[in-house]
Student: 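Structure incoming, see below.
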Amino acid sequence: MSEAKKQIVPNASNTYCNPLSIPNIPYGYDERMIKEKGMFDLSDLAPDDFPAHRSISDPTVFFHDNKWYLYPSYGMAWVTEDFIHWKHHKTTPYCPKYSPCITKWKDKFLFTSWFSPLYAAKTPLGPFELLGDFILPDGTHFTPCDPAIFTDDDGRIYLYAFDYDELDGSGIHFGFTAGYELDKDNPRQVVNGPERVFTMNPQENWWERNGFDNQDTRFGWVEGVHMLKYKGRYYCIYATPGTSFGSYSMAVYYSDEGPLSGFKCQKKNPLTFNRHGIVSGAGHGCVEVGPNDTLWAFYTIAATMKHQYERRIGMDLVAVDENGELYCPHGVTDTPQYAPGYTDNPLENNSPGYLPLNIHYRPTSTSNKEGREPLYACDGSNLTYWEPEETDAKPTLTCSLNVPYYVGAVRLFWQENGLDYSRGIVPGPIKYMLEGHWQGTWTKLYDNLDENEELNIDYKTFEPFSCDKVRITILEKPKGVNVGIRDFTVFGVRDMVR
């Protein structure tokens, strides 16, 4: 590549792309988790009575010692040091069910999750020791729904959880966030509360209305709360209206009074919102302070192919406006973004300028099953997929870009059909090669033959190459699994010379 061309082709290294490329996404034990008390290791659970699917959602991200620790539903935990590549560290216990949360307490870490008791550990990765149920001032034991646990600057500890009243005898849950102060020496014990922090208001807050198009003006879940204190202000971040919808979002109440009172609904709501595309339903998560005092939202992405609770995770930059309200300066993104700490002014621009090059283009394939045409790999949806025939030894998908583009990144969202965990048919590394075409010649852009990491969503960057076609060839797949593609997107910029 000439020096002139280098100047016009952005550098996409040190970028990530949503949904996050997280290894070892767990099995979605949704129905079984309802029946279990507390966290568990899954060793006694046979997943043969509902659709085999994988899911990761409801992230709490804890920034500690310049690392991010990710605690999602279904399994724990993932750690990153460069904020791009995540490593799985299996904890004991392993499965928090839904809505895990963690906070620093003295020389330990307190942890709880959906309808679970309180745990403690000496390190963020456990092992987590059971302390017991939470205890109200009258001695009643309870476990919280969709909890958040928060330590203030003065060492006082607070618990937040979903609660509800019944609306007019209709059976509709009129939800609210309950807050409790805990004894900082015995954090199981409630010393104040419950206090009503805020209550659902779907009549005035359109983002709280249930349904894909927020059409139900009487109802919507307000759940998945997370507390952030930033520059003296308390931000109560919550999810609404329902995790299986593209309308799932995060919104914010704030208080300058204290962690249990004085909360006002900010005007710049919702914080994260995107109904359509690969990255839709940006709800239930958290906002955390990262490198260089930057703020980052981590959120759940709806990907409800096999199960209504099948989900993935995304992240985006957050800023504070002149009124002290949180907002996402670049919105919910589905293109390459620089990871935390890699740009001097991420609020102004956090992107290399790469755009999707092949969405809604019509690729061809070496084979496909009926109803699983190649178009579904490039249609901008995470609810459709291309699936080749099982007899196709090296299935290939080819997409014309019509004109030359510098291609420098690829996102692959694999569809794994035939999973049967009870029979040992489980996810594994998928080997592939990406090639670019120009003037009758195909050139390898990237392959993962020397890698052994299992990635259901695989985002990779490489040296930009000018080409007018791209093709992906699946070279190896896990035994017993027929691999298709939910999303095949290449990113780059127009070649301004050719």
Side-chain angles (χ1 to χ4, degrees), residues 1 11-17 19-25 54 78 80-82 84-88 312 336 339 354 357-358 363-368 374 377-378 385-401 405-419 424-438 440-492:
M1 202 182 332
N11 179 7
S13 62
N14 300 323
T15 62
Y16 72 94
C17 189
L20 294 181
S21 191
I22 296 173
N24 304 320
I25 290 176
R54 307 173 73 188
W78 283 260
T80 183
E81 297 186 43
D82 63 7
I84 297 174
H85 303 95
W86 296 86
K87 184 176 180 181
H88 188 206
R312 301 296 185 269
Y354 277 27
L357 305 181
N358 61 324
T364 60
S365 63
T366 51
S367 72
N368 66 268
C378 301
Y385 59 89
W386 161 67
E387 183 180 6
E389 296 284 357
E390 284 97 341
T391 55
D392 192 342
K394 293 185 178 180
T396 297
L397 196 68
T398 303
C399 190
S400 173
L401 306 179
Y405 287 88
Y406 277 104
V407 177
V410 63
R411 179 183 61 202
L412 293 161
F413 189 161
W414 301 110
Q415 175 65 25
E416 299 147 319
N417 288 335
L419 293 177
I425 302 175
V426 297
I430 298 167
K431 305 292 187 178
Y432 64 90
M433 179 169 62
L434 178 70
E435 297 171 284
H437 172 274
W438 178 246
T441 300
W442 286 96
T443 301
K444 183 178 75 173
L445 305 181
Y446 181 83
D447 71 50
N448 69 341
L449 293 178
D450 295 329
E451 303 168 14
N452 291 307
E453 192 169 45
E454 187 282 309
L455 291 166
N456 174 247
I457 298 171
D458 195 349
Y459 170 74
K460 291 295 192 303
T461 63
F462 41 83
E463 182 69 23
F465 181 80
S466 179
C467 53
D468 60 357
K469 295 180 185 178
V470 290
R471 72 183 180 195
I472 182 85
T473 302
I474 301 173
L475 301 175
E476 296 178 24
K477 56 188 179 181
K479 185 177 180 180
V481 178
N482 196 40
V483 172
I485 298 178
R486 289 202 208 186
D487 174 63
F488 167 48
T489 302
V490 292
F491 299 94

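Just so we're clear, the structure is a prediction, and the values are computed from it rather than from any experiment. Values below: all heavy atoms of this structure, side chains included; hydrogens, waters and symmetry mates excluded.
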Student: How are the rings of Tyr432 and Tyr446 set relative to one another: parallel (under 30°), tilted (30 to 60°) or perpendicular (over 60°)?
Tutor: tilted
Student: Taking all non-hydrogen atoms of both residues, which atom of Ser365 and which atom of Pro374 are closest, and how far apart?
Tutor: OG-CG, 3.6 Å
Student: Hey, what do you get for OG1 (Thr15) to OH (Tyr459), rounding to the nearest 0.5 Å?
Tutor: 2.5 Å
Student: How long is the span from the NE2 atom in His437 to the CZ atom in Phe465, to the nearest 0.5 Å?
Tutor: 9.5 Å
Student: Between Pro363 and Cys378, which heavy-atom pair has the shortest distance, and what is it?
Tutor: CG-SG, 3.8 Å
Student: Within the side chain of Glu454, is there an N or O that forms a donor-acceptor pair under 3.5 Å with the backbone of Asn24?
Tutor: yes
Student: Restricting to non-hydrogen atoms, name the atom on Pro429 and the atom on Asn452 that form the minimum distance, rounded to 0.1 Å.
Tutor: CG-O, 3.3 Å
Student: Is it the case that the side chain of Asn358 and the backbone of Val490 share a donor-acceptor pair, with hydrogens and angles ignored and the cut-off at 3.5 Å?
Tutor: yes
Student: What verdict does the side-chain contact (heavy atoms from CB on, under 4.5 Å) test give for Asp458 and Trp414, after you've listed the backbone C-alpha separation in whole Å, the side-chain angles of each residue and the deciding distance to 0.1 Å?
Tutor: CA-CA 8 Å; Asp458 195 349; Trp414 301 110; 4.3 Å; yes
Student: CD1 of Ile474 to CG of Leu397: how many Å apart, nearest 0.5 Å?
Tutor: 8.0 Å
Student: Taking only residues at least two apart or on different chains, which pairs with a member in residues 467-479 satisfy salt bridge (Lys or Arg N to Asp or Glu O under 4.0 Å)?
Tutor: Glu435-Arg471
Student: Does the Arg54 side chain pair with the main chain of Ile25, one donor and one acceptor, at a distance under 3.5 Å?
Tutor: yes
Student: Would a 4.5 Å heavy-atom cut-off, applied to side chains only, mark Arg411 and Pro336 as touching?
Tutor: no
Student: For Glu451, look at atom CD and say whether over 12 heavy atoms of other residues, nucleotides or ligands are found less than 6.0 Å away.
Tutor: yes
Student: When you measure from the side chain of Asn448 to the backbone of Ile430, do you find a donor-acceptor pair of N or O atoms at a distance under 3.5 Å?
Tutor: yes
Student: Test your reading of the model: is there a side-chain donor-acceptor pair from Trp386 to the backbone of Ser367, 3.5 Å cut-off?
Tutor: yes
Student: Going by heavy atoms in the side chains, are Asn456 and Phe413 under 4.5 Å from each other?
Tutor: yes
Student: Give a yes or no answer on whether the side chain of Thr396 reaches the backbone of Thr473 with a donor-acceptor pair at less than 3.5 Å.
Tutor: no
Student: Go through the steps to decide whether Lys444 and Met433 satisfy the test side-chain contact (heavy atoms from CB on, under 4.5 Å), and finish with yes or no.
Tutor: CA-CA 7 Å; Lys444 183 178 75 173; Met433 179 169 62; 3.9 Å; yes
Student: Would you compute the distance between atom CD1 of Ile84 and atom CG of Leu20 and round it to the nearest 0.5 angstrom?
Tutor: 11.0 Å
Student: Looking only at non-hydrogen atoms, find the nearest pair between His88 and Pro23 and report the distance.
Tutor: N-CG, 4.5 Å
Student: Would you say Leu401 and Val407 make side-chain contact, with heavy atoms under 4.5 Å?
Tutor: yes
Student: At what distance, to the nearest 0.5 angstrom, does OG1 of Thr366 lie from NZ of Lys394?
Tutor: 12.0 Å
Student: What are the two closest heavy atoms between Thr80 and Asp82, and how far apart are they?
Tutor: OG1-OD1, 3.2 Å
Student: Before you tell me yes or no, could you show the steps for Val481 and Leu419 under side-chain contact (heavy atoms from CB on, under 4.5 Å), namely the whole-Å CA-CA distance, both residues' side-chain angles and the distance that decides it to 0.1 Å?
Tutor: CA-CA 6 Å; Val481 178; Leu419 293 177; 3.8 Å; yes
Student: Measuring from Tyr354:OH to Thr461:OG1, what's the distance to the nearest 0.5 Å?
Tutor: 8.0 Å
Student: At their closest point, which heavy atom of Val470 faces which heavy atom of Phe488, and how far apart are they?
Tutor: CG2-CZ, 4.0 Å
